[in-house]
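What's counted below: heavy atoms across the whole structure, side chains too, no hydrogens, waters or symmetry copies.
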Amino acid sequence: MEIIEFARSPWGQDVPIHISFTLIWVCGIAGLAFLIGHAIYVKFMAKPEEFEATLPEAAAKVPAKIARHSLASRLFHWIMAAAMFALLFTAFLPKVGFPFAWVTYHWIAGLVLTASILFHLIHANFFLDPWAIWPDKTDIEDAKRRLLRARGEAAPAPRKFAKYPLENKMYHCIIVLTGLSVTLTGFFMMFRVSTPFFTRNPYLFGDMTWGWMYVLHGLAGVGLIALIMAHVYFAIRPEKFAMTKSMVFGSIDREHFLEHHDPKRWVVTESSK
Amino acid sequence: MAVIRDVMPAFELFQPATTDDALALLAKYGSDAWVLAGGLDSFDWLKDRIKRPKVVVDMSQASGLRGIKEMNGGLEIGAMTTLTEVVRHPLVKEHFSLLAEGAELAASPQIRNQGTIGGNVSQDTRCWYYRSGWKCYRAGGNICFADTPTAINREHAILDADRCVAVNPSDSAPALIALDAQMVIRGPGGERVVNAQDYFVGPDINIMRMTVLKPNELLTAIRIPGTWGGAKFYFEKIRDRQVWDFPLVNIAAAMKVSGGKIEQIRMAVNGVAARPLRLTAVESAVIGKPADAATGEMAGKIAIQGAVALRFNAYKIPLMRNLVKRAIGGVQEAAWKS
Amino acid sequence: MPTNKVNIPNYRLLGKNYTTPDMVAKVTGKSKYAEDFRAEGMLFCKLLLSPLPHGRVKRIDASAALAMPGVKAILTADELPPPAPFITDDGVMIPADPRAERGLTNEPLYQGEPVLAVAAVDELTAAEAIEKIQIDWERLPFAVDPMVTLKPGGPNARTDGNVWVVPPPAPPKPGEKPAGPPLPQVQDFKWTDAEYAEFKQGKLPMSKPSMEWSYGDIEAGFKKADLVVDEAFVTPNTSHQCMETRTAMAYWQNGKVFVHCSTQSTAQTVPAIARWLSIDQTNVVVISEYTGGGFGSKVTSGISLTIPVLLSKKVNAPVMMRVSREEEHYIGRARPGFHGRMKAGFTKDGRLVALDMFVVTDGGPYGPQGDANSSGRIVSLCYTPENMRWRGVNVITNTPPRGAQSQPGGAQGVMIMEPVMNKAANKLGLDQVAIRRINAPAGKAGIGGAIKGKRDHVTSAFVQEALDKGAELFRWNERKSQVKKSGTKARGIGVAVSAYSAGSIGFDGLFVIKPDGKIYIQSGVGNLGTESMIDSHRVVAEVLGVPWEQCVVTWGNTAKHLPWTCPSGGSQTIHAMTRAAHATAMDAKQKLQEIAAMDLGGTPADYEVGGGRVFRKGGGAGLTFAQAAQRAIKLGGKYDGHEVPETVSRMTKASVTGLAGQGLLAAAKDKYKRDGITNSYVAGFAEVEVDLETGEYRIVDYVGVADVGTVIHPRAFGGQMFGRTSLGWGHALAQKWVYDQHYGAPLAKRFYNSKPPTILDVPVNNFKWAAVDIPDPETPVGARGIGEPPVGAGASAVLNALVDALGENIFRRAPVTLDIILTALETGKPGDDPLTAHI
Amino acid sequence: MADMKNPEETTKTLSRRDLIKGVIAAGAVSSAGYLFRSSGVRAAQTQSAAGSVERLVTLNINGQQRPVDVMKQETLAMTLRYKLGLTGTKLGCDRSECGACTVLIDDVPHYSCSVLTHSVRGKKVVSIEGLASADGKLHPVQQGVVDEQGFQCAFCMSGFIMSAVGFLKVNPKPTRTELAHGISGNLCRCQDYDKILTALLKGAENMRRA
C-alpha cells in the first residue's frame, strides 16, 4: 500500500502531493482495534493496579471538591473539541463518499482551533502551571514500576498521580505534536485556497516543500482520527468518567482525588482552583 | 520518467451495439474503461497520454442511442445524436430553435458532424493548465495553477469557484437548462433521470468531475419537455474566434411574454463557472416585468451578484451582465453578418 | 472578391493570369510533402523535450528504453557534430558559434527544447521508450518575460547573461578577404533603480541600449517640434504555425544523405545541412517539391532535420521524424514580440521632425534577431523622420527560438509607430491619410542610420500614389464623415502605411533548350505556392518570345541539377529571380544569335529571337529552338554547358556540368546594377465595427494598395495581398503566446489557444486590393516582392480603426481582444496590462 | 471481397495470412503499417466480449474494398496515409483543429485524425484521391481550384476540397457567405481564404453545370 501519493510537477519532477486516502480507513480501523483491544485487556487480563498509600495527614487537607479545570480551560477544551470534530468531518467525509462543499468550513474550523490553541498556550503558560501537563521524573520512574508490576515482576508500588495521570500527559504530548502539525501546515495551506485574509498564493513555497506539508497535514489528520477515537473512548470509560465530568463541571470529588492523586504531587488547598 | 505527447497509447477497443453491452463492459473494467462518444474531447486526453485507459468503450455502433423522436409533445434526443443532426432536425428547428442555435455555434462543421449532444454536455473543462496534464485539483492534485499570482486566467471562472477556477465550455448545456431538459442516465441499477441543471456539478461538491455521471453510468438520452416549445428564445455566444472556439461566456434564455410582460422565463449561462448556471434569482426577479431594456438592466445587475474576478477575467462580469440584459431586452443592432 | 486588374503595358505574359504547373498534383493529392515519402525499412523517431525552461542534463539513464524490443537507437546532444566554422560561396568565413542552436541539447534553454531522440520500428514503441528514460536535471535560473530579466537582480536566461551584443565587424586587413560577421556576445544587462521605478509605473524605461544608430540631429528636431507624442506599445510573439510542421525523413546511400524536408529554399538548404553536419555539400541531396508553408520559418528548413539524418546514419536505415503540432510550437519559430516606446516630434502641419525610437525585443534563447534593427530601418523609411535615433535591447529569454516571420521587425516597427501617427494627427487636427502622405517616402528615400553622415536609400517609392489610390478605392473622405455610433455598435476607419525590403540580387538562372524545342528551366527556390518560384520564370518565355506552354520548370530536388537561387522568403523571389531569369534569357538569346550567325552567316546582332525561333532581322533565314539546341550539342563548349561560366556560383557550376550536352544551356548570374535597396510598400485602409456591450469587433471592410512595381501574376499576387494582410489582422485580432511565468511554460500551444484567424474572422467578402503599377526603375522587368509589407498595414489599419471607433484610451498592446475593449469601456482606463509579456 | 459488417465473422473467414495476401492483391503498399509495425507495445489482449473488435477489417475506401490490419487505437488518417498509401490526406494538427485531414464518411466531412478506423467499418470513405474519375478527369471542385489558382502551399487543400464537396451535397447552391461557413472547419495558414473561397465557389458552379 502506498502511504504517500506522488505527482509529476510541471517540471517533470516527482513530488509528493498528499497522503494516500486509504490511510483514513487504516487509521479508523487501527483506532477501533486499539480500543477494542484495550477494552478486552482491561476487562479480562489487566491486574488491578496498586499505588503507594496516601498519608492520612496529607489526605486530611484535601477538601471535598477539588477544582480540576477552570471555566476558561473547560471552554477551551470544548471549543477545541468542536473545532476538531468539524475539521475531521469536513476533511474526511467527502473523501469517503459524502461529498459536500467542505473547504470553507474546514478552514474556519481550523482558525477556531488555532485561536483556541493560542489561547491555551497563553492561558496555560501564564495563568496555570505549565509544567503540570508534562511528565516529570516521578512519572517516568513510576512508569517503570507499573510496567514491571504489570509483567508480574517485583517492583515498588508506584506513587499516585499528580494533577494528570501519565497516560493523560503522554496523550497531551502527542496531541501537541499532531495539533501543531495540522495547524501550522493548515495555516500555510490557507494560501492555497481563496480566503478573505490574503492574496491566494500557491507558490509561497516550492513544489517539494508544499508536497511534504500536505503529507504532514494528512498524516497528522488521519492520526487524529485514531487519537480522537481513543480520547473519546477513554472519556466514556467508567473508571475515567470522573475526569470527563470534571471537564464539564470543573471539579472532582475528594474520594476520586484520594484514589488517584497524590496530594504531595498535586497540592490542593481550599483556595486552589 | 520523461513525458511525451502526441502518440495514442495502445488500448483494447470495444464497440458495443447496445447500452446493456456497454454497461456490462463498464461494470467489468471499472476505472480501466473510458467511454468514447464522438471522441473529440477524449482523443486529446488519449493522444497526450495523460489519461491511460486500458479499455475504450466506443459507443459509435450503439445505433439505439442515435436519433431524435417526439415524446409527449417534447423530444427525446439520443445521446449519440450528432450536433449537426440536432441542428438540422426539423422539430428542433421548429420548436426548440434555442438548442439548434447553441449547438450550431459549437466548434466547427466537421466537429459538429461527429461530436454528439451527449458528449457536448458531458465534456471536460478546457482549463489550459489542466489540459497540459498538470496535476491540479481536478486531476487529483492539491493546487489550482490557474489562480496564482502569475496565472493567466482570462478564460476562467467568476462564479462558484472553489479551489478550482475552471469553467464548463459546453454550448448546448445552457440551452438544455433553459429548455428544462432532463438527462436520462443508465447505470447498473437501472435508469435515473436528472434535471439538466442538476446534471452538472461544481468543484465544491466534486472537484474532479464535471457531471453527476458515475464511471459505471452512461448518459443515454436527453428529454426536452414540450413546455417551452415555441417560446421566445435568446442564445448568444461570445468568443475570440468564430470557429473552433469555446465560449468566453454564452447565454440561453427561454421566455414566455404576454402583453409585453414576462410570464415565465428560464435562463442559463456558461463559461462563468465550473458548471452551467441557471440564473434563478434573475428569473424570479423579472417575472411580471416588461421584457424591455430596463428590466434587462436590472436583471444583469442581479446576475452578477457575488461574481469574483481573477487577475485577467474581470471583463466577464460586465460581459455576463450585458448578455443577460440582451437576453431580456433584446439587441438593438443587427447581428454580425459574417 | 478581387475584381482588381493590373495593367502592365507591352508584356505578353507578365501581368497575366495563368495556371501554374503544380496545380493538378495539388488538387489530386499527388503532391508529396516531406511526410508523404516512404522508404523500405523506414524507422520512426520521437523526441524527448525538456520539461524545464532552463536546466542542465546531469545524467541520462536510457537502459530500460534501449532494452525494449523494437527500439533501435538513441541520439543525444553528445553525438552531434560540434559547431563548425563555415565558408560561404563568396569566401566569407562564418566562425563557429558555441552559442548557436543545435538539434539537441544538454542545456535546454526553453521548455520543450529537444534533448534526445529515440528511433524505433514504430512511433508507439519510440514513445513508450521515451517514457522509460530517466534524466537527472540541474535546474537553472530562467526568465520568459524580457521585462523580468531586465529588472535589477532579475534572472538571466543564459548562464552568462540576458542580452545580445554584436561587436562591430573588424576592419578588413589589407590584401585579405573581409572577415565574416563577428560572433554575437552575451552581456548581463539590468535597468538602474530609477529605470525600474519607471517600469513599475507602467512605462517602458528608455534605458541604455545594447545597440543604436541615428541620423540628423534629434535634439534640434525636437526643438522644432510643435507637438511631442510619447507612446509605448507591445506587440505579440506569434508562431509561424505553418500547416506542415518541420517533419523530415532521411537516409544515406553511398556516402550521400538524402533529406526529405520542408524548406523555403531547396538550393540553400544544401549548404545549411552540410554546415550542420560538417560534411561536404556535394554529399547532400535535398528533396522538397512542396512546402506546406514557411513564412520565414523554413528559409533553409530547420536544424531539427539533423536528428533523423544522424539517427539514420547511426542505425543505417531511413528515419522519419514526424513533428507534431505541439513540437512545432517549440521548434517551429515565431516572430519576436516587441516592447517599443516612441518619442516623436511633429510640426503643426504634421511633419515628423524628430523620432526617438526605443525597442526591447524578446528574442528567445538563440542568436540575436534582426527584427530589432529592421524595425528602426522600416520606421525611418515609412515615415521619413527628419532626424531620428534608434536604440534597442535584444533580450534573451527562455522561450522558443524566434525566426524571421513575414515582414520581420518591419511589422513590429509599423505597429509601434502607427499609434503615434494616429495620435499626432488627432492632436493636430489633421486627416489621417494626409499626415501619412506628408511623411511618406518618395523616390530614392533614405533608410536606416547614417554611417559617416551617409544613409542608404531605396530603389524607388511611390507611397503617396498608393495612399491616394487607396483613399479613393476606400472612399476615405466619404466614410470619414459617417456616423460613428449607432445603438450598441460603433464604427471606425483607419489607415496605415507599411514597407519592407522586397528583393535581393546576385542569384543564378539556369535552363536548357532541348532538341524537342522546349525550355527546361531549373529552380532551386522552395515551392510555397506563392508561385513566385514559377512566376519569375515567365520572364524567360517573355524575353525569348515563346509560349509559356513551351516551358517546363524543374524544382524541388537538388539531385536534378538546380542552380543557386534565393529562398522563397523575404519577398526576394519575384525580384531576384526575374533578374536572374532575365539575365539567363539574355544569355540564351546571345547564344542563339551566335549559333544562327555561325550557321546562317552575318553577325549575332543581325538576328532576332522570338516565336520559338532565332531569325534574321526583318525576316528571312532562321533556326527553330529545336534546331538550335541540336546545333548547341554539336558545338559543345559554352553552348551546351561543357564549358562552365565563371561567374555563376559553385552549386550552379555543378548543375551546369550535370546538365551539359542536353541542348542549348543558358546559365547566368544576375549582375544587373541596382541603385538602392529594393523595398515594397502598402497602404492599408480598414473599417471596423465594435459591439460596445461585448467588446467584440469585426473587420467589415479593407482596401490594400501596393507599390510593388510590375505585378507579374495578378491572381497569385492577390492571394499574397490577402494572405499577408490577414497575417497582420491575426496580430491585431487574437494571435499571441501565453506563458505561465512561474514555471516558464507555454499555455497557448494549440490552435484553439493561440488563435490564428479562421475564414470567418476575416473580411472575405469585403476585401479589395490594387497596385500603383509603376515599375521599379532598378530592375529589368520592374517587379518587386509583396510578401512582407501587407502584414504591418493589415494589423495597424485595423488597430487605428479601433481607435477611431472607441477613442485612444482603450489599449496599449496587440492583439486587442474583446476583454481588453470591454474592460476599458467599463473602467475608462486601458483594458490591458501595459508591459507584462505573454499574457 | 468479403463485406465485414460482422467482426465475429471476420475471425472465422479471414486469417492474417489471407489478409496480407489480400492487401498485396489490392495493390496497397506492400510493407504495410509503417507506424505500427511490429513492436512489443500492445494493449493486453482481452478475451472476447460483446462488442469486441477484430483487427482484420475490410474498408470501403474511394469505392474500393481494402482489406487492412488495423490497430485498435489507429485513426483513419493513419490508416489512409500509412497503411493504404493515400497520402493526399494531410495531418496538420492531429487534433481536429485544422481540417487538413478532412475526408467524407458516408458523404459527411469528418476529421480523419479523430476517427477510429474501426468505427468506419461498413461505411463509405472518400479521400482526395477518390474525387477525380478513373480517366483522370478532375472533379468539378478540383477543376474550380485549378481554374482560379486557389490556395498557396496547398497543405490544407485536400481537406478544404473534401469539406466543400461534402457541404455542396447538402447545399448545392451556396452564397459566398454560406460556403465560407460550410468550409469554416478548415484552417489555411497562408490565409489565402479569399482566393480559396472564390475557387471553391467556382467549383460549386462547375458542379451545377456538370
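Atom-to-atom distance recorded for C:L733:CG and B:Q242:CD is 10.0 Å, nearest 0.5 angstrom. To the nearest 0.5 Å, atom CZ of residue B:R49 and atom CD of residue C:E128 are 4.5 Å apart. For the atom pair CG (B:N313) and OG1 (C:T823), the distance works out to 9.5 Å, reported to the nearest 0.5 Å. The CD atom of C:E693 lies 8.5 Å from the CZ atom of B:R321; values are rounded to the nearest 0.5 Å. One distance of note links CG of C:D761 with CH2 of B:W244; it measures 10.0 Å at 0.5 Å rounding. The distance from the OG atom of B:S108 to the CD1 atom of C:I759 is 13.0 Å, given to the nearest 0.5 Å.
The contact between C:L47 and chain B is made entirely by backbone atoms, counting heavy-atom distances below 4.5 Å. C:T836 touches chain B through its side chain: at least one heavy atom from C-beta onward sits under 4.5 Å away, while N, CA, C and O do not. Looking at C:Y743, the atoms closer than 4.5 Å to chain B (heavy atoms on both sides) all sit in the side chain, from C-beta outward. In this structure, the portion of C:L48 lying under 4.5 Å from any heavy atom of chain B is its side chain and not its backbone. Only the side chain of B:V7 comes within less than 4.5 Å of a heavy atom in chain C; its backbone stays farther off. Of the atoms belonging to C:D832, not a single heavy atom falls under 4.5 Å from chain B.
Taking the side chain as every heavy atom from C-beta outward, C:N753 and B:R131 never approach each other to under 4.5 Å. Counting only heavy atoms from C-beta outward, the side chains of C:P756 and B:R241 approach each other to under 4.5 Å. Residues B:D245 and C:K755 form a side-chain contact, since some pair of their non-hydrogen atoms from C-beta on lies under 4.5 Å apart. Between B:F312 and C:D819, every side-chain heavy-atom pair lies at or beyond the 4.5 Å cut-off. Between B:I152 and C:D740 the shortest side-chain heavy-atom distance does not fall below 4.5 Å. B:L319 is listed as a side-chain neighbour of C:L818, based on a closest heavy-atom distance under 4.5 Å.
Highest contact tally toward chain C, considering only B:D44, B:I317, B:V3, B:V249, is held by B:D44 [criterion: heavy-atom pairs under 4.5 Å]. Each of C:H838, C:Q741, C:Q134, C:E131 has some count of heavy-atom pairs under 4.5 Å with chain B, and the biggest count is that of C:E131. Of the residues considered (B:D6, B:L248, B:D48), B:D6 shows the highest number of contacts with chain C, using heavy-atom pairs under 4.5 Å.
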(message) side chain to side chain contact (heavy atoms under 4.5 Å, CB included), that's the test. Do C:H742 and B:T148 meet it? Break it down for me.
(response) CA-CA 9 Å; C:H742 183 76; B:T148 71; 5.7 Å; no
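A pairwise comparison of heavy atoms in B:R154 and C:T817 identifies NH2-CB, 3.5 Å as the closest pair.
Ion pair B:D240/C:K736 not flagged as a salt bridge, since none of the NZ, NE, NH1 or NH2 atoms sits closer than 4.0 Å to an Asp/Glu carboxylate oxygen. By the 4.0 Å N-to-carboxylate-O rule, B:K47 lies too far from C:E326 to be salt-bridged with it.
A distance-only check finds no donor-acceptor pair linking the side chain of B:N322 to the backbone of C:T694 [under 3.5 Å].
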